[in-house]
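To start, the structure under review is shown below, and the notes come after it.
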Amino acid sequence: MKLLCFTLLLATVEAFLLQPSVNKCHIALNSAANEGEHELSRRSTLSGMICAASSVSLMTSFPVISNAVSNEKPKEFIDVGTQAPAPNGETEFIELANGVKVKDFRPGSGDETVKANSQVQIQASGRLLNLNGVVFYNTKNNNPDGFGAIPLTINLGKGEAIPGLEAGIVGMRKGGIRRIIIPADLAYSKFPDLEPKPMNANDQRALDSVVKNPRRDASILFDVSVERFK
């Protein structure tokens with residue numbers, strides 16, 4: 001409704017402002033017709049210049065509404081995924097030497113921890129930070145027989161999974177739950193063919209929409225639960 005009112009107002013103002021210029025154009029043309037062909041040409045040219053000047057003045061009197069999308073990245077998306085303040089009362093993320101950030105929600109049990117060369121079975125959920133946390137991977141969807149989700153098995157240090165995830169899993173205990181934030185250069189931007197891989201075409205398209213768009217931050221968030229390791 002506001003847009004319609006603004007359009008009608010704009011048309012009314014435009015008609016009012018252009019009316020003097022139009023009248024001047026008609027007077028000049030009628031006068032030129034009475035003074036001969038040569039004078040008509042000269043005065044018609046002058047009248048045309050006056051009309052054009054009036055139109056330019058009108059155009060500059062109102063802001064131009066542009067549909068162009070700014071290439072400037074919104075402030076809230078700058079360094080998204082690398083800045084993750086904890087809510088009140090929760091522990092902060094710990095940043096590893098390679099830029100991966102981790103935070104434990106459940107420490108797990110036992111004295112043994114996952115090593116850099118362990119074979120580990122995990123349940124995991126992956127989210128795209130730049131798409132407001134859209135899930136692109138979840139082991140719960142890997143349940144072909146209906147008897148429970150099959151965990152993802154990774155042999156660490158063998159180049160099977162994206163490096164940021166492997167680094168984030170090291171140090172976890174059995175039953176532990178950890179949130180891992182992985183910068184783009186340790187995730188799919190440089191390692192698109194490594195695990196965890198999306199399980200269907202829709203999830204793959206969601207991942208590609210971020211990873212293959214250089215204007216988007218391709219940082220990834222994983223929530224990981226360790227079922228067992230050796």
Side-chain angles (χ1 to χ4, degrees), residues 76-77 79-84 93 96 98-109 113-230:
E76 60 267 26
F77 286 118
D79 294 330
V80 64
T82 61
Q83 299 174 351
F93 279 86
L96 307 181
N98 59 4
V100 173
K101 292 184 177 183
V102 300
K103 179 170 70 171
D104 287 322
F105 288 91
R106 182 194 299 166
S109 60
T113 60
V114 175
K115 306 295 191 299
N117 60 351
S118 296
Q119 182 187 81
V120 59
Q121 293 184 347
I122 62 173
Q123 298 288 349
S125 174
R127 297 178 179 270
L128 301 168
L129 291 175
N130 195 254
L131 288 184
N132 298 320
V134 169
V135 176
F136 72 94
Y137 178 86
N138 198 325
T139 49
K140 290 183 179 180
N141 297 329
N142 188 18
N143 185 14
D145 54 14
F147 289 101
I150 299 175
L152 174 66
T153 300
I154 303 173
N155 294 292
L156 302 184
K158 303 292 185 180
E160 296 178 0
I162 55 176
L165 181 61
E166 290 201 5
I169 293 174
V170 172
M172 294 186 68
R173 292 180 169 84
K174 182 178 179 180
I177 297 177
R178 175 175 290 182
R179 176 160 290 175
I180 305 171
I181 296 179
I182 306 171
D185 59 349
L186 293 177
Y188 298 100
S189 293
K190 291 188 177 180
F191 306 94
D193 298 323
L194 299 186
E195 295 286 358
K197 297 178 181 179
M199 299 181 189
N200 57 62
N202 288 336
D203 291 344
Q204 184 65 58
R205 279 193 293 269
L207 178 60
D208 289 342
S209 70
V210 172
V211 173
K212 295 183 179 181
N213 188 339
R215 293 177 296 178
R216 285 181 166 175
D217 185 346
S219 299
I220 303 295
L221 181 149
F222 274 100
D223 287 326
V224 175
S225 173
V226 174
E227 287 197 351
R228 60 185 62 86
F229 63 92
K230 61 181 181 179

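The shown structure was predicted, so the numbers you read here are calculated from the model rather than taken from an experiment. Throughout, numbering of the chain's residues begins at 1 and tracks the sequence.
- Side-chain atoms of Q123 never come within 3.5 Å of backbone atoms of S225 as a donor-acceptor pair (strictly under, hydrogens ignored).
- In this structure, N138 CG and F222 CZ are separated by 10.0 Å, a value rounded to the nearest 0.5 Å.
- When side chains are defined from C-beta on, N213 does not count as touching N130, because their heavy atoms never get closer than 4.5 Å.
- Centroid-to-centroid, the aromatic rings of Y188 and F136 come within less than 6.0 Å.
- Minimum interatomic distance between G99 and P183 (heavy atoms only, all atoms of both residues): O-CD, 3.9 Å.
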Enumerate donor-acceptor pairs with a distance under 3.5 Å from any side-chain N or O in residues 191-202 to protein atoms, sequence neighbours excluded.
residue : atom : partner : partner atom : Å
E195    : OE1  : K197    : N            : 3.0
K197    : NZ   : D193    : O            : 3.3
N200    : OD1  : N202    : N            : 3.1
N200    : OD1  : D203    : N            : 2.8
N200    : ND2  : D203    : OD2          : 3.1
N202    : OD1  : R205    : NH2          : 2.2

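- Distance check, rounded to the nearest 0.5 Å: CD1 of I220 to CD1 of I182 gives 7.5 Å.
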Could you walk me through whether L96 and V170 pass the side-chain contact (heavy atoms from CB on, under 4.5 Å) test, one step at a time? CA-CA 11 Å; L96 307 181; V170 172; over 6 Å; no
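- In this structure, V134 and V210 have side chains that are not in contact, with every pair of non-hydrogen atoms separated by 4.5 Å or more.
- Panel note: side chain R178, backbone V102; no donor-acceptor pair is recorded below 3.5 Å.
- In terms of heavy atoms, A184 sits closest to S189 at O-CB, 3.4 Å.
- In this structure, the separation between NZ on K140 and CG on N143 is 11.5 Å, given to the nearest 0.5 Å.
- Here the shortest heavy-atom pairing between P107 and R173 reads O-CB, 3.5 Å.
- Under a 3.5 Å cut-off, the side chain of R179 and the backbone N or O of L221 do not form any donor-acceptor pair.
- We find the CG-CD1 distance between D104 and I177 to be 10.0 Å, quoted to the nearest 0.5 Å.
- Residues I180 and V100 form a side-chain contact, since some pair of their non-hydrogen atoms from C-beta on lies under 4.5 Å apart.
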Between L129 and D217, does a side-chain contact (heavy atoms from CB on, under 4.5 Å) hold up when you go through it step by step? CA-CA 8 Å; L129 291 175; D217 185 346; over 6 Å; no
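- S209 approaches L131 most closely through the heavy-atom pair OG-CD1, 3.6 Å.
- Here CG of L207 is found 9.0 Å from NZ of K212. Values are rounded to the nearest 0.5 Å.
- Screening R228, E227, K230, K174 for a side-chain hydrogen bond (donor to acceptor under 3.5 Å, both in side chains) with Q121, the sole residue that qualifies is R228.
- Within the structure, the salt bridge (charged side-chain N to carboxylate O under 4.0 Å, His left out) test picks out the following pairs touching residues 113-131 (sequence neighbours left out): E112-K115.
- Residues F229 and V226 come closest through the heavy atom pair CD2-CG1, 3.8 Å.
- Put simply, CG on L186 and CD1 on I181 are 13.5 Å apart, with the number rounded to the nearest 0.5 Å.
- Here the shortest heavy-atom pairing between A206 and L128 reads O-CD1, 3.4 Å.
- A donor-acceptor contact shorter than 3.5 Å links the side chain of T139 to the backbone of A124.
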